[in-house]
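Take a look at the structure set out below.
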Amino acid sequence: MAVVVVGAGIAGIACARVLHGAGVAVRVLDRARAVGGRMASKYLHGRPVDLGAAYFTVRDPEFAEVVGGWRTAGRARPWTDELAVLGGPGRRPAPGPMRWAAPAGLRSLVADLAEGLDVELDHPVAAVGPGPTVDGEPADAVVLAMPDPQALRLVAADSAAGRELVGRRWRPVVAVAAGWERRQWAPLPAGFVNDHPVLSLIADDGDRRGDGAPVLVAHTTARVARAYDAQPDRAVGPAVAAVREVLDIAGPPAWTHAHRWRLASPDADRDTLFHLGADGVGLAGDGWGSARIETAWRSGTALGRAVVARLRAG
């Protein structure tokens with residue numbers, strides 16, 4: 001038998017990385033065609049565009065070591081420590097921690113962590129049961145590294161894992177990428193759009209990537225995402241119109257692309273980093289702790305260590 005990790009986002013891959021390093025046989029399964037989860041990057045018009053998380057921050061010393069390796073290899077770069085607050089009475093600075101980005105897209109960082117692991121993509125899972133089992137096959141332990149509503153579809157609601165997941169609400173987002181022939185806006189790394197009916201964030205993907213491409217990515221509000229859930233492409237018009245108004249852009253974009261995230265972020269944080277039940281089913285991800293990339297890595301890493309300790313204890 002082996003440990004099975006369901007979910008190839010950064011939490012699942014971080015968990016599998018710990019298990020693999022401890023000599024534990026581990027398989028990672030994901031229904032998607034690429035690793036990354038909500039650290040998603042898609043090639044649009046010849047370059048990667050981040051359509052999920054906008055950036056990541058670094059506070060944890062262990063995660064800082066991982067990021068240091070990415071930086072040395074040219075995979076990650078410090079981006080900006082000052083975002084903007086957009087809308088209302090002009091643009092205001094919003095100082096904060098250093099935000100990091102990836103020249104090849106955030107997905108590339110998860111792919112780097114996944115090197116050497118047994119990852120099976122295009123592999124949907126239907127049920128995780130007691131034993132534990134994955135679609136009826138036994139395992140020593142099973143890790144569900146995904147948003148709570150997705151994990152709840154795989155386990156019984158009255159199981160130990162199910163009781164941790166019931167009632168957890170998540171917010172949706174539609175990410176709209178738009179490319180222009182040339183830059184038509186004032187320099188901007190990214191900005192929060194407070195109290196706007198359509199937008200919550202705008203990021204300059206050319207600035208973020210470091211190649212200067214005239215590409216913006218806008219995140220809608222949850223209300224707009226719910227309104228266009230069945231047809232996310234219809235959110236492009238309102239989102240682009242709002243971006244042009246907020247940034248005073250005269251001309252329309254040359255191309256657009258929409259990506260729906262029904263489970264973009266949890267409504268509330270948790271006090272704990274992971275769950276590991278007596279039945280051998282564990283839960284991890286950015287729904288544990290606070291909703292950050294760094295926290296998702298910490299969640300998967302901590303759960304991986306807990307699984308290793310339990311297996312060694314007998």
Side-chain angles (χ1 to χ4, degrees), residues 1-32 37-38 117-120 123-171 262-314:
M1 290 195 293
V3 176
V4 177
V5 175
V6 186
I10 193 168
I13 294 299
C15 183
R17 188 88 260 160
V18 170
L19 293 162
H20 179 76
V24 176
V26 55
R27 297 167 62 215
V28 181
L29 310 179
D30 198 297
R31 65 183 182 181
R38 286 184 306 287
L117 298 178
D118 180 4
V119 180
E120 299 177 31
H123 190 132
V125 170
V128 172
T133 62
V134 178
D135 289 339
E137 295 294 323
D140 288 310
V142 179
V143 169
L144 301 181
M146 60 189 67
D148 301 312
Q150 290 178 342
L152 187 56
R153 297 187 197 117
L154 303 182
V155 301
D158 60 353
S159 66
R163 290 191 292 273
E164 294 284 342
L165 300 167
V166 170
R168 293 277 296 169
R169 294 175 56 85
W170 285 60
R171 293 184 292 268
R262 283 178 169 152
L263 304 170
S265 61
D267 271 351
D269 294 343
R270 279 186 171 103
D271 294 330
T272 54
L273 272 177
F274 65 88
H275 163 81
L276 180 58
D279 58 359
V281 177
L283 305 169
D286 62 2
W288 294 81
S290 56
R292 297 186 180 97
I293 286 175
E294 176 178 27
T295 309
W297 178 89
R298 292 177 59 221
S299 174
T301 298
L303 178 52
R305 289 170 178 165
V307 172
V308 169
R310 179 172 294 184
L311 294 177
R312 287 177 175 171

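Numbers here simply count residues along the sequence, with the first being 1.
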Reported [atom1]-to-[atom2] distance for the pair [X] and [Y], which is rounded to 0.5 angstrom:
X	Y	atom1	atom2	answer
Glu164	Leu283	CD	CG	7.0 Å
His20	Cys15	NE2	SG	13.5 Å
Arg270	Asp286	CZ	CG	10.5 Å
Arg17	Leu19	CZ	CG	10.5 Å

Between Ser290 and Arg292: side-chain donor-acceptor atoms closer than 3.5 Å: yes

Test side-chain contact (heavy atoms from CB on, under 4.5 Å) applied to Arg31 and Gln150, step by step: CA-CA 12 Å; Arg31 65 183 182 181; Gln150 290 178 342; 3.1 Å; yes

Any donor-acceptor N/O pair, Ser299 side chain to Gly285 backbone, under 3.5 Å: yes

Exam field: side chain Arg171 to backbone Ala264, donor-acceptor pair closer than 3.5 Å: no

Heavy-atom pair of closest approach, residues [X] and [Y]:
X	Y	result
Ala284	Ala11	C-CB, 4.4 Å
Ala2	Ala25	CB-O, 3.2 Å
Val143	Leu303	CG1-CD2, 3.6 Å
Ala126	Asp135	N-OD1, 2.9 Å
Leu263	Pro149	CD2-CG, 3.7 Å
Val281	Asp279	N-OD1, 3.1 Å

Option passing side chain to side chain contact (heavy atoms under 4.5 Å, CB included) with Glu120 (candidates Val4, Leu29, Asp30, Val28): Leu29

Side chain to side chain contact (heavy atoms under 4.5 Å, CB included), paired with Val308, selected from Arg312, Arg305, Arg310: Arg312

Using side-chain heavy atoms (C-beta onward) and a distance below 4.5 Å, is [X] in contact with [Y]?
X	Y	result
Pro147	Arg38	yes
Val307	Val24	no
Thr295	Trp288	no
Thr301	Leu273	no

Given Arg163, Arg169, Arg153, Arg168, the one that forms salt bridge (Lys or Arg N to Asp or Glu O under 4.0 Å) with Asp148: Arg168

Criterion side-chain contact (heavy atoms from CB on, under 4.5 Å) on Arg27 and His123, from CA distance to verdict: CA-CA 11 Å; Arg27 297 167 62 215; His123 190 132; 4.1 Å; yes

